[in-house]
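Have a look at this one before I ask anything.
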There are 2 protein chains.
Amino acid sequence: MSETTPPLGRRERKKAATRQALADAALRLFLEHGYDQVGIKDIAEAADVSTTTLFKHFSGKEALVFDEDDDQEAALVAAVRERPDGQSVPAALREHILRTRIDVIADPAFAPFRQLVMGTPALRDYGHRIWMRHETALAQAIAEDTGAPQGDPACAALAHFALEALAVARGQDDPRKALDAAFDLLAHGWHALPGCTRSDP
Amino acid sequence: MSETTPPLGRRERKKAATRQALADAALRLFLEHGYDQVGIKDIAEAADVSTTTLFKHFSGKEALVFDEDDDQEAALVAAVRERPDGQSVPAALREHILRTRIDVIADPAFAPFRQLVMGTPALRDYGHRIWMRHETALAQAIAEDTGAPQGDPACAALAHFALEALAVARGQDDPRKALDAAFDLLAHGWHALPGCTRSDP
DNA sequence: GTAAAAAAGTATAATGAATCAACTTTTATA
DNA sequence: TATAAAAGTTGATTCATTATACTTTTTTAC
């Protein structure tokens with residue numbers, strides 16, 4: 001669906017292996033000693049390459065932790081395009097994010113990784129940034145779906161807020177409940193909330 | 001309203017002067033040559049202080065560009081608390097943000113500054129981060145206003161989205177229109193939009 | 001009014017991420 | 001097989017930021 005498919009040459013195989021060795025070494029060391037306690041040099045040494053080689057594979061220290069997920073964007077767009085009949089766009093996005101980004105991380109096996117990322121500002125920010133990269137693609141998919149013009153501000157807003165909903169949810173005690181609250185707001189608006197007195201149309 | 005009020009000692013006066021000299025020199029140099037072309041050393045020299053002194057006044061290179069606005073948060077909270085009768089929370093926030101963060105910047109005199117910040121990823125991100133710092137205070141103000149419990153996820157979501165609306169608006173051709181679209185979404189929900197077929201309750 | 005404390009500032013060196021330039025080895029291919 | 005492209009290496013270099021140890025200024029308390 002993307003690159004040179006199955007027949008990888010020896011070259012690309014070795015390249016991928018080096019890259020993987022770097023990512024593995026980095027994650028292991030970060031989990032063992034903490035992100036700030038591990039230097040680029042340590043990682044390169046552990047993977048038995050030079051630091052310059054490391055930077056040819058990864059754009060920076062934080063990138064070592066995140067797999068550059070190409071499919072993630074496709075899945076997000078598909079969640080909108082191929083949602084079941086009768087399901088609204090916000091509902092489709094809520095379910096997709098809940099399934100792929102909240103429930104998965106809730107697995108106790110991911111706890112140390114989760115703790116590493118959320119406990120390191122540089123990693124939290126970087127993760128958030130690459131997640132938000134899907135904003136324009138998602139906005140476009142929503143616009144197409146609803147027949148709105150390219151770059152319609154309402155679609156752009158929904159796309160942005162839907163992606164941000166993940167950050168909101170993660171900052172709360174009960175992420176699932178918080179995600180529901182955020183998407184209820186996006187679906188029905190603040191005026192639809194119970195304790196919303198003093199409102200004007 | 002905050003610090004040692006009028007009677008500033010010589011010490012604090014000089015300190016403030018040094019700080020201002022640094023901020024002025026930084027902004028001037030950044031505007032002249034671009035953020036990445038100016039080093040910390042250049043700024044310190046222009047303000048005639050050592051680089052160590054610079055870092056005693058500012059937490060980092062990006063902070064030189066932004067006045068650490070203490071009142072900003074107070075104004076945001078006040079916009080919710082002291083809004084006119086009959087105005088909803090989203091409407092109050094929309095107006096406040098439009099007035100203090102969109103219309104002001106639209107002044108052509110701010111164009112170079114605006115261009116500097118928006119054209120420099122490090123500055124754009126930093127500015128966004130300090131703006132989002134008001135999230136919890138705003139969420140609390142909203143919760144108090146509506147009688148919701150502390151840390152209510154719907155209030156947290158509204159606070160987050162309302163602040164993010166600024167970023168959405170700035171990324172569009174017509175920021176004012178985009179801000180309206182974003183706040184319409186927050187106020188009335190996606191289901192209230194015209195081209196919103198295939199929706200479920 | 002002076003002495004001690006607190007705070008601002010300086011110089012210098014170190015760390016750590018990221019980049020640059022020049023070179024070697026490996027792999028693929030014409 | 002020759003050769004070009006890509007992977008990797010070495011070593012130096014830049015730049016923001018921090019640490020250490022020192023000097024000067026201003027305040028405050030006696």
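In what follows, chains are A, B, ... by sequence order, proteins preceding strands, each numbered from 1. Everything numeric here is computed off the predicted structure, so don't read it as measured data.
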Atom CG of A/Asp36 and atom P of D/dT17 are separated, to the nearest Å, by 15 Å
note: B/Lys61, atom NZ; D/dC15, atom P; distance rounded to Å ~ 9 Å
Rounded to whole Å, CZ of A/Arg13 lies from P of D/dG8 at a distance of 14 Å
Nucleotide by nucleotide, nucleotides 6-11 of chain C touches protein heavy atoms under 4.0 Å in the pattern (B base, S sugar-phosphate only, - none) BSSBBB
From CG of A/Leu54 across to C1' of C/dA17 the rounded distance in Å is 11 Å
*Could B/Arg94 and B/Asp184 be called an ion pair, given the rule that one side-chain N must be under 4.0 Å from one carboxylate O?*
no
- prompt: Using 4.0 Å as the upper bound for N to carboxylate O, is an ion pair formed by B/Glu73 and B/Arg133?
  reply: no
ask   = Looking at B/Glu32 and B/Arg28, does any basic side-chain N land under 4.0 Å from a carboxylate oxygen?
value = yes
Closer than 3.5 angstrom, by distance alone: can the side chain of B/Lys41 be matched with the main-chain N or O of B/Ser50 as a donor-acceptor pair?
no
Here the distance between atom P of D/dC15 and atom CG of B/Asp42, to the nearest Å, is 8 Å
* To do: Would you kindly say whether A/Gln72 and A/His134 are connected by a side-chain donor-acceptor distance under 3.5 Å?
  => no
Rounded to whole Å, the CD-C1' distance (B/Glu12 to D/dT25) equals 14 Å
B/Lys41 NZ to D/dT14 C1', in whole Å, measures 9 Å
A/Phe58 CZ to C/dT19 P, in whole Å, measures 15 Å
Going by atom type alone, with no hydrogens or angles, which donor-acceptor pairs under 3.5 Å involve a side-chain atom of residues 102-116 of chain B and a protein atom two or more places apart or on another chain?
residue: B/Asp103; atom: OD1; partner: B/Arg176; partner atom: NE; Å: 3.0
residue: B/Asp107; atom: OD1; partner: B/Ala109; partner atom: N; Å: 2.8

